Amino acid sequence: MDFANMDRRQLTMTGSGMSVLLTLHFTFPLLSQHLFYWKNPSQQKAIAVIILLAPLHAVNSFVGLLDTQGSKPLFLLLTSVKHCYDALAVATFLALIYNYLNISMSNNVVPDEIKGREIHHLFPINLFQPRSAHLNQQTLRLLKQWTMQFVIIRPVCSILMTALQIIGIYPSWLNWTFIVVLNLSILLAMYALVVFYRVFAKELEPHKPLTKFICIVGIVFFSFWQGLVFDILVKMGYIRSHHFWLDTEHVGEAIQHVIVCVEMVLYSVLQQYAYHVSPYSGDLESKLRQRKY
C-alpha cells in the first residue's frame, strides 16, 4: 500500500477503515472471552451489549463516510438503528449498576446500609429539586426515571427524524427542536448517571466504575455533542470545504465520522480494562492451571 501516492480522500478512507478494524480487533476477543467464561449471565449479558457500542458506532461512521455524497436513506436508517442501540445500552448499563449493587430495578428497594446518604444537587437541577436530598426509595426511583427517559426519547426522536427526512419534510426549525429536546434529555440522563456514580462510588469500587462511566458517557453522549459542535462550526464558517475533499455541506459530518472512527479505537481499548473478563474467569483458570501441573 503506497501511502505517498494517495490523495486526501484515499488517506482518510484508509485511516478510518483501519480504525474500524482495530476497534473490531479489540472488541470481539473481549466478547469471546466473556462468552467462554460464561459464569454470571445477568451481568455478562449486559456487558456484551455495552461493549458492542464501540464497533457499532465505528461501522456506522465508516458507512456514513462512504455514503457522505451518496444515498442518504441507507445511512439515516443505520443511524436510527445506532440511536436505538444507544438507548438499549444505557438501559442495560443502568441494569448492570443495579445488579452490582444488588438492588431490584422494579422495586427500587434501597439496602439499609446505604439508605439515607446525602445527595447534593447542582445547578440547574436544584431549581426544581431540593439542594440536598437523602437516598431513599423515592430518590432512587427518580434517578432511574431521569436516566430511562433518554431510553424512550432517543429512539422516538431518531425514528421521527429519519422518517421526516426520507419523505422530505424536515425544515430547519424542526431539526433544532429535535436538537434541543435531545440535549435536555441527554443532560438529564448524564446527570443522573453521575449522581449514581457519586452516591454508590464505595460499593461500585471493586467493579472499576469510573472507566465504565467514561465509556458509556463518551460513546453515547459526547459523540452527540461532538457532532453538534461540528455542525455549528460549519454554519459559522470556521470549517470550510478546502479542509477536506468534500463541499461545505458535507464536510462537517465527514470530519465527525473520521473522528468517531478513531475515538472508538480508544474506547475499545479502554473497555479492555473496564469490562475485563478476570472477575468471571478466576475459578476456571485456576482449575486449568492445576490440571496442567
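This structure is a prediction, so every number in the text was calculated from the model and none was measured.
- Taking CD of Q145 as the reference point, atom CE of M148 lies at 10.0 Å (rounded to 0.5 Å).
- Across all their heavy atoms, V49 and Y85 have their closest contact at O-OH, 2.7 Å.
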Take H34 and Y280, measure what ring pair (Phe, Tyr, Trp, His ring centres under 6.0 Å) needs, and give me the verdict at the end. CA-CA 8 Å; H34 278 282; Y280 311 100; 5.6 Å; yes

Apply side chain to side chain contact (heavy atoms under 4.5 Å, CB included) to S223 and M264, showing your working. CA-CA 10 Å; S223 293; M264 291 308 114; 4.1 Å; yes

Could you walk me through whether F93 and F213 pass ring pair (Phe, Tyr, Trp, His ring centres under 6.0 Å), step by step? CA-CA 9 Å; F93 180 76; F213 275 88; 5.2 Å; yes

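- Of the possible polar contacts, one joining the K212 side chain to the H207 backbone as a donor-acceptor pair under 3.5 Å is found.
- At distances below 3.5 Å, at least one donor-acceptor pair connects side-chain atoms of Q149 with backbone N or O atoms of S185.
- To the nearest 0.5 Å, atoms CZ (F28) and CG (L35) are separated by 10.5 Å.
- Under 3.5 Å, the side chains of N40 and S42 contain a donor-acceptor pair of N or O atoms.
- Here the CG atom belonging to L22 is positioned 11.0 Å from the SG atom belonging to C261, to the nearest 0.5 angstrom.
- S158 and S80 get closest at one heavy-atom pair: OG-CA, 3.2 Å.
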Derivation of the ring pair (Phe, Tyr, Trp, His ring centres under 6.0 Å) call for F200 and Y100: CA-CA 10 Å; F200 298 114; Y100 286 152; over 10 Å; no

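- How far CD of Q271 is from CZ of F26: 12.0 Å, rounded to the nearest 0.5 Å.
- Hydrophobic clustering, defined by side-chain heavy atoms of Ile, Leu, Val, Met, Phe, Trp and Tyr closer than 4.5 Å, leaves I159 isolated from every other such residue.
- Between the T27 side chain and the L24 main chain, no donor and acceptor come within less than 3.5 Å of each other.
- Note: E263 CD to H57 NE2 = 11.0 Å, rounded to the nearest 0.5 Å.
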